[in-house]
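To keep things clear, I will list the structure first and then write my remarks on it.
Please read these numbers as outputs of a predicted model, since none were measured by experiment. Chain identifiers are assigned alphabetically (A, B, ...) following the order of the sequence lines, protein sequences preceding nucleic acid strands; residue numbering begins at 1 within each chain.
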Amino acid sequence: MGNNELEVIRHSASHVLAQAVKRLYPEVKLAIGPSTEEGFYYDIDRETSFTEEDLVKIEAEMKKVVKENLPIKRKELSRAEALKYFGDKGEIYKVELIGELPENEIISVYEQGEFTDLCRGPHVRYTKEVKAFKLLSATGAYWRGSEKNKMLQRIYGTAFANKEELEAHLKQMEEARQRDHSKLGKELGLYCTNPAIGKGLPLFTPKGATLKRVLIRWIEDEEIKRGYQYTSTPVLAKTDLYKISGHLDHYRDKMFVFNTDEKEEVALRPMTCPYQFMIYKADKHSYKELPIRYAETSLLFRKELSGELHGLIRIWQFTLADAHIICMPSQVAEEFEKVLDLVQYVMKTLGLKDYWYRFSKWDPNKKDKYVDNPKAWEDSQALMKKILDKNKLTYTEAEDEAAFYGPKLDFQMKNVWGKEETMFTIQIDFALPERFDLTYTDNEGKDVRPMVVHRASIGCYERTIAFLIEHYAGAFPTWMSPVQAKILTITNNQDEYAKKIHADLLAADVRCELDLRNEKIGGKIRDARLEKVPYILIIGEQEASGNKVAVRRKGAEDLGPMDYAKFKEMLLAEIKEKRI
RNA sequence: GCUGAUGUAGCUCAGCUGGUAGAGCAACUGAUUCGUAAUCAGUAGGUCACCGGUUCAAUCCCGGUCAUCAGCUCCA
């Protein structure tokens with residue numbers, strides 16, 4: 001079945017939903033009901049929200065509508081007729097929508113039985129063609145997506161061509177949610193939270209901190225190899241700094257700002273750029289030095305609204321693999337491509353494949369949200385587009401997603417709930433160099449303006465870790481696993497040999513644990529498997545006397561007894577190559 | 001922040017629409033020394049998220065706060 005066909009079914013399902021709701025609750029007003037990637041929804045204005053019992057009733061009514069097999073008929077109306085029809089019914093949202101349709105647009109409605117909805121279509125021909133659907137949830141949603149508008153009630157559902165596909169989808173959703181990083185992250189003991197500390201402030205346990213440290217060391221070393229210089233700058237600054245950068249104008253409600261006893265206003269930093277610019281400004285620079293690539297494993301603070309916080313994905317304090325490349329305008333394209341290569345290498349090494357590129361542009365109508373310099377926006381966006389096309393990237397374009405100082409290339413992924421998040425980002429900045437008055441001396445001895453590329457190579461560690469947990473369902477590749485090998489003894493008689501192996505692996509920088517408990521081997525294996533340790537080493541009398549270990553890989557694959565030296569060589573190679 | 005759901009032992013969950021709580025796992029103690037997903041027995045563990053109200057009596061009803069989850073908004 002093609003996507004279009006599924007879209008039509010889902011869109012028709014949303015009409016069936018609206019019809020059922022209108023039958024049960026005639027007083028409600030209908031807003032919009034589109035199909036989505038995963039299903040469909042309908043926004044409905046109702047005084048009270050829909051409960052789970054309401055959804056059961058509505059779903060039953062929908063089944064009736066389907067069973068009645070009503071023909072779905074398209075009609076075209078004049079603007080006046082349409083306004084009168086929906087106006088008479090008190091459908092104020094439909095009236096608003098009609099009012100905004102372009103003059104020459106054909107206004108169509110779709111009729112099924114007693115129910116008629118404003119709609120461009122297309123739809124299935126009979127309601128019976130909506131065969132397999134399910135209502136999933138009821139939540140609030142702002143009219144036209146703006147928090148300034150009234151909050152409506154949204155009912156989500158999904159529909160498929162047949163029952164089998166619907167069941168398969170529901171099962172897949174359920175399985176995906178088993179991988180939820182906040183569930184697994186706590187089960188595996190990677191992080192925890194505490195109400196006294198507050199939301200959006202997760203605590204990394206030794207295991208979680210190990211995973212983070214492994215990633216940080218890898219990225220720092222890799223970037224240094226690629227010509228980055230690491231800085232270390234304060235997380236606090238006087239708000240004067242953010243006046244220069246423009247953050248205070250564009251970003252203040254997202255910053256933690258407070259006063260000292262001496263009446264100075266200070267803020268926790270939401271971004272690293274101003275600090276690294278000040279390092280740049282501490283000296284005078286020649287064009288011969290450029291590009292300068294300042295990197296930092298940077299602790300950042302952003303005050304998100306409480307309802308926006310989620311597990312490790314959106315938090316108040318996070319660690320960004322941040323960098324700012326200060327270069328001549330003529331170097332931007334090459335630097336951008338180098339960053340692209342780095343980020344693609346990072347994704348490949350992490351084993352993350354299900355990402356896509358989003359070219360995030362400004363919205364010329366939102367003057368207060370973006371630096372007001374239309375020409376620079378057009379130029380920098382054209383430049384980025386040229387780079388993307390030259391590198392043959394397929395990307396989606398998104399209006400109104402840029403940073404306030406320039407366009408971005410975002411690496412997008414979906415979490416287990418299907419929610420889209422930005423993993424990494426590369427941005428071209430034409431505005432801040434001017435605000436900070438960054439200059440370099442060109443070959444004619446004149447001071448000229450450099451450009452800046454902002455980028456996050458592995459994104460923010462917390463969020464990336466969340467995605468890694470979900471991608472691997474907690475069973476990490478050996479190189480990043482907090483515990484890489486666990487040694488289990490069969491009886492206490494092997495303790496000494498096991499300790500020797502343990503010490504030897506630790507000495508070789510293998511993260512290794514020892515289970516000497518007086519438990520049966522089956523129980524120890526079970527525990528180690530639940531911890532998702534990549535290598536389980538079982539040591540009994542035979543192994544201890546023959547300098548061997550019995551190896552289980554990824555919990556299940558039994559490699560049998562092998563020479564310890566051989567195992568160690570294999571393990572070290574796997575770690576060194578960062579095999580996934 | 002907004003809409004809604006949820007909050008019972010470290011974890012997973014019971015607790016019959018008001019009469020001051022129960023299981024399994026984990027922990028601890030003892031026994032068991034065992035060959036690839038749970039050895040047996042015992043002990044201990046709770047201001048039922050927190051604060052207030054209604055009631056003779058609240059885990060249960062009402063209000064507020066905090067936290068978790070989903071959605072909206074937002075976003076690295």
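Annotation: A:F40 is not in aromatic contact with A:F133 [ring centroid separation under 6.0 Å not met].
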Which string of ( ) [ ] | and . matches RNA chain B, if you list each base 5' to 3' and count Watson-Crick or G-U pairs only when both distances are under 3.5 Å? (((((((..((((.....[..)))).(((((.......))))).....(((((..]....))))))))))))....

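Just one of A:W377, A:F430, A:F404, A:Y405 meets the ring-ring contact (aromatic ring centres under 6.0 Å, His included) condition when paired with A:W362; it is A:W377. The side chain to side chain donor-acceptor pair (under 3.5 Å) test with A:E174 is passed by exactly one of A:R177, A:Q178, A:Q172: A:Q178.
Of the listed nucleotides (B:rU73, B:rA70, B:rA76), B:rA70 has the atom at the smallest distance from the side chain of A:D180. Checking B:rC75, B:rA70, B:rU68 against the side-chain heavy atoms of A:T139 singles out B:rA70 as nearest. Among the nucleotides B:rA67, B:rG1, B:rG71, the one closest to any side-chain atom of A:W417 is B:rG71. Here the side chain of A:R154 is nearest to one of B:rA76, B:rU33, B:rC72, namely B:rC72.
Judged purely by atom type and a 3.5 angstrom limit, A:R293 has no side-chain atom pairing as donor or acceptor with the backbone of A:E335.
We find that CG of A:L188 is positioned 13 Å from C1' of B:rC11, with the value rounded to whole Å. Between the P atom of B:rG71 and the CD1 atom of A:I44 lies a distance of 18 Å, rounded to the nearest Å. Between the P atom of B:rU68 and the CD1 atom of A:I313 lies a distance of 14 Å, rounded to the nearest Å.
At a cut-off of 3.5 Å, with distance as the only test, a side-chain donor of A:Y230 or A:E223 sits close to an acceptor on the other residue.
Distance check on atom P: B:rC60 versus B:rU17 gives 16 Å, rounded to whole Å. Look at the C1' atom in both B:rG45 and B:rC11: the space between them is 13 Å, to the nearest Å. Taking the C1' atom of each, B:rU59 and B:rC50 are spaced 14 Å apart, rounded to whole Å. If you take atom C1' in B:rA44 and the same atom in B:rA76, they sit 46 Å apart, rounded to whole Å.
With hydrogens and angles left out, the side chain of A:Y142 and the base of B:rG71 share no donor-acceptor pair within 3.5 Å. With hydrogens and angles left out, the side chain of A:N492 and the base of B:rU33 share a donor-acceptor pair within 3.5 Å.
Electrostatic pairing of A:K369 and A:D363 does not count as a salt bridge here, judged by no charged N lying under 4.0 Å from a carboxylate O.
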Using a 4.0 Å heavy-atom cut-off to protein, can you give one letter per nucleotide of nucleotides 36-44 of chain B, 5' to 3': B if the base is in contact, S if only the sugar-phosphate is, - if neither? BBBB-----

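Note on A:L488: nothing from the nucleic acid sits closer than 4.0 angstrom, heavy atoms only. Nucleic acid contact for A:Y156: sugar-phosphate only, since backbone atoms but no base atoms lie under 4.0 Å from a heavy atom of the residue.
Between A:N415 and A:I539, the one whose closest nucleotide on RNA chain B sits nearer the 5' end is A:I539. Nearest-nucleotide assignment on RNA chain B puts the 5′-proximal partner with A:E308, out of A:E308 and A:K408.
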Under the side chain to side chain contact (heavy atoms under 4.5 Å, CB included) criterion, do A:F336 and A:L388 qualify, and how do the steps go? CA-CA 10 Å; A:F336 196 98; A:L388 302 184; 4.1 Å; yes

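You'll find the side chain of A:Y25 reaches within 4.5 Å of the side chain of A:I58, heavy atoms only. Contact annotation: the side chain of A:Y242 never approaches that of A:V257 to less than 4.5 Å [non-hydrogen atoms, C-beta and beyond].
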